[in-house]
Amino acid sequence: MAVKIYNTLTRKKEDLQTLEPGKIKIYVCGPTVYSKAHVGHAMSAMVFDILRRYLEYRGYDVRYLMNFTDVDDKIIQRANERGVDPFELAEGYIRDYEQNLADLNIKPASFNPRATQEIGQIIEMIEGLIEKGYAYPVDGDVYFRVEKDDDYGRLSGRKLDDMQAGARIDVDTRKEHPMDFALWKAARPGEPEWESPWGKGRPGWHIECSAMNLHHIGEQIDIHGGGNDLIFPHHENEIAQTESLTGKPFATYWVHNGMLQLGGEKMSKSTGNLITIEDFLADYSADVLRFTVLNSGYRSPLTFTKEVLAQSQKGLERLASGLRPALPGVKGASLEVLDTLAKAVETAQENFVNAMDDDFNGSGALASLFDLVRVINQTRSSGATDEELSAAQDKVRELSGVLGLMLVTEEAGTSKADAFIDMLVSLRSSLRQDKQWAYSDRIRDELLALGVILEDSKDGTTWRWGS
RNA sequence: GGCGACGUCGCCAAGUGGUAAGGCAGAGGUCUGCAAAACCUUUAUCAUGGGUUCGAAUCCCAUCGUCGCCUCCA
């Protein structure tokens with residue numbers, strides 16, 4: 001069975017068919033680096049990280065690019081406000097973002113192109129577009145001629161006529177059509193500038209992505225991703241520019257994630273309705289966000305509330321419960337029970353792949369893991385040994401890993417405190433044998449306050465670090 | 001005003017023609033000195049109103065509601 005992907009271009013799920021067998025080229029729109037990134041960026045990055053990890057798991061050789069827009073009006077404005085160099089400002093936020101991604105367990109891209117490093121390519125493209133009649137210079141600016149592009153609007157499902165009707169459009173009489181967009185902007189005093197055939201200036205927003213693609217992965221790519229707020233105008237314009245120049249379909253699949261909702265509204269940099277990734281990670285683990293993203297459809301809006309995060313936290317604990325060791329003093333489970341476990345491993349594998357194949361259904365993939373965890377826990381309760389549990393637990397780790405979940409719990413045997421905790425637990429066991437409940441409960445309570453969870457069973461006491 | 005997405009159990013949600021996955025929370029139970037964990041049992045007819053069909057959460061139309069885009073935005 002093939003992987004199915006929902007394609008914004010056709011509004012349908014389609015079988016994934018790559019340009020080259022076994023290889024897949026993915027380009028994802030990264031942030032404009034003028035401020036700290038927020039959880040919405042994290043969500044988007046995670047969605048495509050999951051997509052990428054899964055395609056790798058399915059055996060594809062993935063080339064994955066994510067860009068940085070490092071020259072733009074807002075960067076310049078912010079830099080001027082602070083009296084710093086715009087390039088340095090951008091550089092700082094790029095480093096922050098890379099750190100954010102690492103903290104979120106998001107795999108680094110194969111390459112991170114930057115707008116400022118593509119100026120030559122950009123100028124070349126614009127020249128090509130002018131030559132073909134798709135662009136025209138005015139007073140040092142260069143605009144794309146939307147009316148020349150018959151397909152314009154096909155990604156976002158708009159028509160030029162519809163858009164003029166109610167939209168607020170700046171009346172720029174120099175433009176031939178109100179929807180014509182800038183490929184090149186003439187420099188104003190004090191702004192970063194590059195030499196060009198049209199005078200000093202800098203690239204427009206959309207052209208950089210087209211240029212980076214062309215330069216680093218080619219005229220045609222398999223998947224182009226980003227937030228659904230980029231569909232129009234950004235991706236629409238990318239298509240217009242690239243395809244007008246090359247005459248070939250740009251990306252086969254356009255994949256867009258839904259917006260993160262904070263307080264019933266889109267989390268957004270420009271409105272300030274946001275929580276930075278840094279602040280989020282101060283309170284929650286990366287897994288909590290990843291679980292939340294996985295559990296909701298990546299194309300739907302994701303409700304971001306404390307309650308949802310708490311639910312994710314509990315869900316993760318449940319997944320991790322499957323990884324706990326055998327009960328103390330067990331002699332092994334029956335063949336029948338072990339057979340059920342082995343079958344559950346197969347079923348989980350199958351359900352997992354089926355779910356993920358179907359447009360990266362994370363919720364379904366998690367369900368397959370929960371089902372397996374339940375059977376593991378049943379098996380453990382039936383007296384299975386660590387060895388008998390290990391294959392199933394490895395499967396949980398393997399599949400969680402494909403989703404990018406770490407499921408790391410601080411394990412016994414890794415801390416200097418272990419010996420002391422063991423001693424207290426052993427002391428408490430003696431107290432319990434003498435029915436000294438007051439003292440034994442006090443030890444349990446005080447250890448709990450220190451983050452150590454004790455669990456008694458009739459065959460002894462186990463302990464683990466809480467989260 | 002235009003375009004698009006969505007509305008499934010208290011909450012997060014999967015499911016796109018054949019009588020509703022999973023997680024959280026809740027209730028009852030097993031185990032336990034108590035507790036915790038784990039396990040077992042249990043909880044919905046799918047916004048509303050029409051229509052198509054032998055049969056619809058799933059297709060069509062209308063209504064209501066939510067969100068996104070149309071200006072920078074993941």
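Only heavy atoms go into these numbers, but all of them, side chains included; no hydrogens, no water, no symmetry mates. The shown structure was predicted, so the numbers you read here are calculated from the model rather than taken from an experiment. Proteins get letters first, then strands, A, B, ... in listed order; numbering begins at 1 in each.
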Test side-chain contact (heavy atoms from CB on, under 4.5 Å) applied to A:L104 and A:L281, step by step: CA-CA 8 Å; A:L104 290 166; A:L281 287 175; 4.0 Å; yes

Proximity to the side chain of A:K13 - top-ranked nucleotide from B:G15, B:C69, B:A74: B:G15

Euclidean distance, atom CG of residue A:L309 to atom C1' of B:A25 [Å, nearest integer]: 16 Å

Of the listed nucleotides B:A21, B:A74, B:G68, the one nearest the side chain of A:E265: B:G68

Aromatic stack A:W437/B:G33: centroid gap under 5.5 Å, interplanar angle under 30°: yes

Close side-chain approach of A:K395 to A:E398, heavy-atom, < 4.5 Å: yes

Nucleotide nearest A:P233 (side chain, heavy atoms from C-beta), chosen from B:C70, B:A74, B:G22: B:C70

Protein-nucleotide distance (A:L9, atom CG; B:C3, atom P), rounded to Å: 19 Å

P atoms of B:C40 and B:G49, separation to the nearest Å: 38 Å

A:L89 and A:R82: CA distance, side-chain angles, deciding distance, side-chain contact (heavy atoms from CB on, under 4.5 Å) verdict: CA-CA 9 Å; A:L89 183 95; A:R82 295 190 187 170; 3.8 Å; yes

Carboxylate-amine/guanidinium contact A:D456 A:R428, below 4.0 Å: yes

Whole-Å C1' distance, B:G10 and B:A38: 25 Å

Distance under 6.0 Å and angle within 45° of ring axis: A:K269 vs A:Y34: yes

Between the protein and nucleotides 10-12 of chain B, which nitrogen or oxygen pairs are less than 3.5 angstrom apart?
{"residue": "B:C11", "atom": "O2'", "partner": "A:Q311", "partner atom": "NE2", "Å": "3.3"}
{"residue": "B:C11", "atom": "O2", "partner": "A:Q311", "partner atom": "OE1", "Å": "3.2"}
{"residue": "B:C11", "atom": "O2", "partner": "A:Q311", "partner atom": "NE2", "Å": "3.0"}
{"residue": "B:C12", "atom": "O4'", "partner": "A:Q311", "partner atom": "OE1", "Å": "3.3"}
{"residue": "B:C12", "atom": "O2'", "partner": "A:N295", "partner atom": "ND2", "Å": "3.3"}
{"residue": "B:C12", "atom": "O2", "partner": "A:N295", "partner atom": "ND2", "Å": "3.1"}

Integer-rounded Å distance: B:C24 C1' and A:L366 CG: 13 Å

Sugar-phosphate only, base, or nothing, as touched by A:G157 at under 4.0 Å among non-hydrogen atoms: sugar-phosphate

Touch class at under 4.0 angstrom, heavy-atom based, for A:N257 against every strand present: base

Interatomic distance, A:N361 CG vs B:A13 P [rounded to whole Å]: 13 Å

Rounded interatomic separation in angstrom, taking CG from A:L262 and C1' from B:C67: 14 Å

Touch class at under 4.0 angstrom, heavy-atom based, for A:T271 against every strand present: nothing

Beyond-backbone contact of A:I221 with A:F250, side-chain heavy atoms, under 4.5 angstrom: yes

Partner nucleotide, any strand, of B:U16 [Watson-Crick/G-U, under 3.5 Å]: none

5′-ward residue of the pair A:G364/A:I231 relative to RNA chain B: A:G364

Cationic N near anionic O, under 4.0 Å, A:K13 to A:D357: no

Sugar-phosphate, base or nothing in reach of A:G225, heavy atoms under 4.0 Å: nothing

Salt-bridge contact A:E176-A:R145 (side-chain N to carboxylate O under 4.0 Å): yes

B:G18 to B:U58 separation - C1' atoms, rounded to the nearest Å: 11 Å

salt_bridge(A:R444, A:D441) N-O dist < 4.0 Å: yes

Rounded interatomic separation in angstrom, taking NE2 from A:H206 and C1' from B:C72: 10 Å

Whole-Å gap separating C1' (B:A13) and CZ (A:F291): 10 Å

Among B:G15, B:G23, B:G2, the one nearest A:F370 by side-chain distance: B:G23

A:S440, nearest nucleotide to its side chain (from B:C70, B:G68, B:G33): B:G33

Counterpart base for B:A38, defined by Watson-Crick or G-U wobble contacts under 3.5 Å: B:U30

Sugar-phosphate only, base, or nothing, as touched by A:G153 at under 4.0 Å among non-hydrogen atoms: nothing

Interatomic distance at P, B:G68 relative to B:U41, whole Å: 42 Å

Sugar-phosphate only, base, or nothing, as touched by A:H256 at under 4.0 Å among non-hydrogen atoms: nothing

Salt bridge A:E91-A:R114, side-chain N to carboxylate O under 4.0 Å: yes

Interatomic distance, A:R158 CZ vs B:A5 P [rounded to whole Å]: 12 Å

Rounded distance in Å between the P positions of B:A74 and B:C64: 34 Å

Nucleic acid footprint by protein, nucleotides 34-40 of chain B - heavy-atom cut-off 4.0 Å, B for base, S for sugar-phosphate alone: BBBSSSS

Sugar-phosphate only, base, or nothing, as touched by A:K266 at under 4.0 Å among non-hydrogen atoms: base

Sugar-phosphate, base or nothing in reach of A:L319, heavy atoms under 4.0 Å: nothing

Check: A:H235 ring centroid to A:H256 ring centroid under 6.0 Å: yes

Side-chain-base donor-acceptor pair under 3.5 Å for A:S300 and B:A13: no

Proximal nucleotide (of B:G15, B:C69, B:C67) relative to the A:P301 side chain: B:C67

B:U52 and B:C59, which share atom name C1', separated by this distance in whole Å: 8 Å

Pairing partner (Watson-Crick or G-U wobble, both distances under 3.5 angstrom) of B:U48: B:A62

Integer angstrom distance from the P of B:U30 to that of B:A20: 31 Å

Euclidean distance for C1', B:G29 against B:A21 (whole angstrom): 25 Å

Nearest-nucleotide comparison on RNA chain B, the residue closer to the 5′ end among A:S156 and A:H235: A:S156

Residue matched to B:G10 through Watson-Crick or wobble contacts both under 3.5 angstrom: B:C24

Single hit among A:V62, A:L55, A:N7 for side-chain contact (heavy atoms from CB on, under 4.5 Å) with A:I223: A:L55

Centroid separation A:F181 to A:H206 less than 6.0 Å: yes

